[in-house]
2 protein chains.
Amino acid sequence: MDQTDRTILSMLQKNADVPGKVVADAIGLSVSAVERRISKLKQDGTIEKIVAVVSGKAVGRGLTILVELEIQNEHRHTLDQFQRWLDRASEVQSCWYVTGDVDFVLLVAVRDLDEYNQFIERMMNDQQAIVRKYKSLIALKTVKRSLELPTDR
Amino acid sequence: MDQTDRTILSMLQKNADVPGKVVADAIGLSVSAVERRISKLKQDGTIEKIVAVVSGKAVGRGLTILVELEIQNEHRHTLDQFQRWLDRASEVQSCWYVTGDVDFVLLVAVRDLDEYNQFIERMMNDQQAIVRKYKSLIALKTVKRSLELPTDR
DNA sequence: TTTCTGACGCGGATTATCCGCGCATTCGGA
DNA sequence: TCCGAATGCGCGGATAATCCGCGTCAGAAA
């Protein structure tokens, strides 16, 4: 993982829909050298996957809400079970177990408040033994939306 | 945007590193029909981009922190300026302007607490006229991490 | 019914990727 | 110092994927 790899990663995080030739020209390497590096980065898990980023509005999921959760108890089994539930919930894009007053933060994408309400009710019903309370932070504006990581230094 | 398009989007959000043939076989369409649909979805902005998802650990940015911000005032000019700053901050992966007690939520990826502290100091220094207070929610575990949207219904 | 539109499958032309080869550089022991 | 082993490179042919024009067909509108 040298500087060349980092440059490649930086490019592919912005746009992975690019022929090797373009990357090769940008960094002054042959096409096959670039291909070999990319396939190695995929192999060793540095590149986890290549995905399409879809417009929420275009598929009718334009409403983003951050949900802060407090849970009843933090026993191992309870946590595991709840996390599996979250993982299967299609409304939940991302989810973190965090320090502080709240226990979980969810990033939820839904069509509208009605669908959000259905999600919350489903969660409070399915997981009533676990979830104590929740707080909704409705996104009025998504300033930035990516999973891009800086690769420098 | 019919059910076929939705199926394609669902597949490409999980893995866009797939030849058209695979998608075509999965949905029972010819390769060229699939290619035409995909290129149309890119054209009209439904597919915003194709990106590589990189492992934070692999590039030394394994620490994820959610930051809740309260700002001094919500005048248009102030907000715009601050949002431009956030957009340029490489540590900030995502950022939402939200309803409720807090004004912004940032998703930040850094190497360690030291680097996080540097980021916070830089923000509080550069944007001292804007940011009133912040609260850090350190991710002990990332349960789920994607921008994937459900396409059904 | 006729016409128009849009999406389809087919298949050849073009591009891109995969991969083996030989070469240059680097890095550790003898 | 000298000499293998390992690593990464560029080249170029084989393979695979994409691009694109053509003719066809089904559904909507005249």
Side-chain angles (χ1 to χ4, degrees), chain A residues 1-61 146-153, chain B residues 1-62 111 146-153:
Chain A
M1 165 72 82
D2 56 12
Q3 187 50 46
T4 301
D5 282 337
R6 293 178 188 281
T7 304
I8 291 174
L9 289 174
S10 171
M11 292 183 72
L12 296 188
Q13 285 189 100
K14 291 187 173 60
N15 181 16
D17 196 13
V18 162
K21 179 82 164 60
V22 174
V23 179
D25 289 349
I27 64 183
L29 222 52
S30 74
V31 173
S32 52
V34 169
E35 290 168 344
R36 275 190 293 258
R37 280 172 179 267
I38 292 175
S39 95
K40 197 163 288 181
L41 290 167
K42 288 176 183 170
Q43 192 63 37
D44 68 17
T46 302
I47 294 177
E48 294 180 353
K49 51 188 178 175
I50 307 287
V51 299
V53 177
V54 168
S55 156
K57 285 185 183 161
V59 294
R61 298 293 160 109
S146 84
L147 297 175
E148 191 177 339
L149 296 163
T151 57
D152 53 313
R153 266 175 285 175
Chain B
M1 166 71 81
D2 56 12
Q3 188 49 48
T4 301
D5 281 335
R6 293 179 188 280
T7 305
I8 292 174
L9 289 174
S10 171
M11 293 182 72
L12 296 188
Q13 284 188 100
K14 290 188 174 59
N15 180 15
D17 198 11
V18 162
K21 178 83 164 60
V22 174
V23 178
D25 289 351
I27 64 182
L29 222 52
S30 74
V31 173
S32 52
V34 169
E35 289 168 344
R36 275 190 291 258
R37 280 171 179 268
I38 292 175
S39 96
K40 197 162 289 182
L41 290 166
K42 288 177 183 168
Q43 193 63 38
D44 68 18
T46 303
I47 295 177
E48 293 180 353
K49 51 188 178 174
I50 307 287
V51 299
V53 177
V54 167
S55 157
K57 284 185 182 159
V59 295
R61 299 292 161 112
R111 179 194 315 276
S146 83
L147 297 175
E148 191 177 339
L149 296 163
T151 57
D152 54 312
R153 266 174 282 175

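Below, read A as the first sequence line, B as the second, and so on, with proteins coming before strands; counting in each chain starts at 1.
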For this session: Quick one: do A/K40 and A/R37 satisfy side-chain contact (heavy atoms from CB on, under 4.5 Å)? Show the steps, please.
Result: CA-CA 5 Å; A/K40 197 163 288 181; A/R37 280 172 179 267; 5.7 Å; no

Exercise. When you measure from the side chain of B/R36, which nucleotide among C/dG9, D/dC9, C/dC19 comes out closest?
Worked result: C/dG9

Problem set entry | Distance in angstrom units between B/K21 NZ and D/dT15 C1', rounded | 15 Å

Problem set entry | Atom-to-atom span, CG of A/L29 to P of D/dT7 - whole angstrom | 18 Å

Problem set entry | Nucleotide of D/dC19, D/dG8, C/dG9 approaching A/K40 most closely (side-chain heavy atoms) | D/dG8

Seminar exercise, completed: note: B/I38, atom CD1; C/dA7, atom C1'; distance rounded to Å ~ 15 Å

Exercise. Is the base of C/dC10 touched by the side chain of B/S30 through a donor-acceptor pair closer than 3.5 angstrom?
Worked result: no

Problem set entry | Whole-Å distance separating the CD1 atom of A/I27 from the P atom of D/dG8 | 14 Å

Exercise. In terms of side-chain heavy atoms of A/R37, which of C/dC10, C/dC18, D/dC9 is nearest?
Worked result: D/dC9

For this session: Compare every heavy atom of B/K14 with every heavy atom of A/K49, then report the nearest pair and how far apart it is.
Result: CD-O, 4.0 Å

Problem set entry | Nearest heavy-atom neighbours spanning B/A58 and A/M1 | O-CE, 3.8 Å

For this session: Quickly work out the B/I50 CD1 to D/dA17 P distance and round it to whole Å.
Result: 17 Å

For this session: Let me know, please, whether B/E35 or B/D2 comes out on the 5' side of the other along DNA chain C by nearest nucleotide.
Result: B/D2

Seminar exercise, completed: Rounded to whole Å, CG of A/D17 lies from C1' of D/dC19 at a distance of 14 Å

Exercise. Nearest of C/dC18, D/dG10, C/dG11 to any side-chain atom of A/A33?
Worked result: D/dG10

Exercise. Which of these nucleotides, D/dA17, C/dC10, D/dC19, is closest to any side-chain atom of B/P19?
Worked result: D/dA17

Exercise. When A/I38 is tested against each of A/E35, A/R36, A/K42 for side chain to side chain contact (heavy atoms under 4.5 Å, CB included), which residue passes?
Worked result: A/K42

Seminar exercise, completed: For B/S55 and A/G45, the nearest pair of non-hydrogen atoms, with its separation, is CB-O, 3.5 Å

Exercise. Given atom CG of A/L12 and atom P of C/dT17, what is their separation to the nearest angstrom?
Worked result: 11 Å

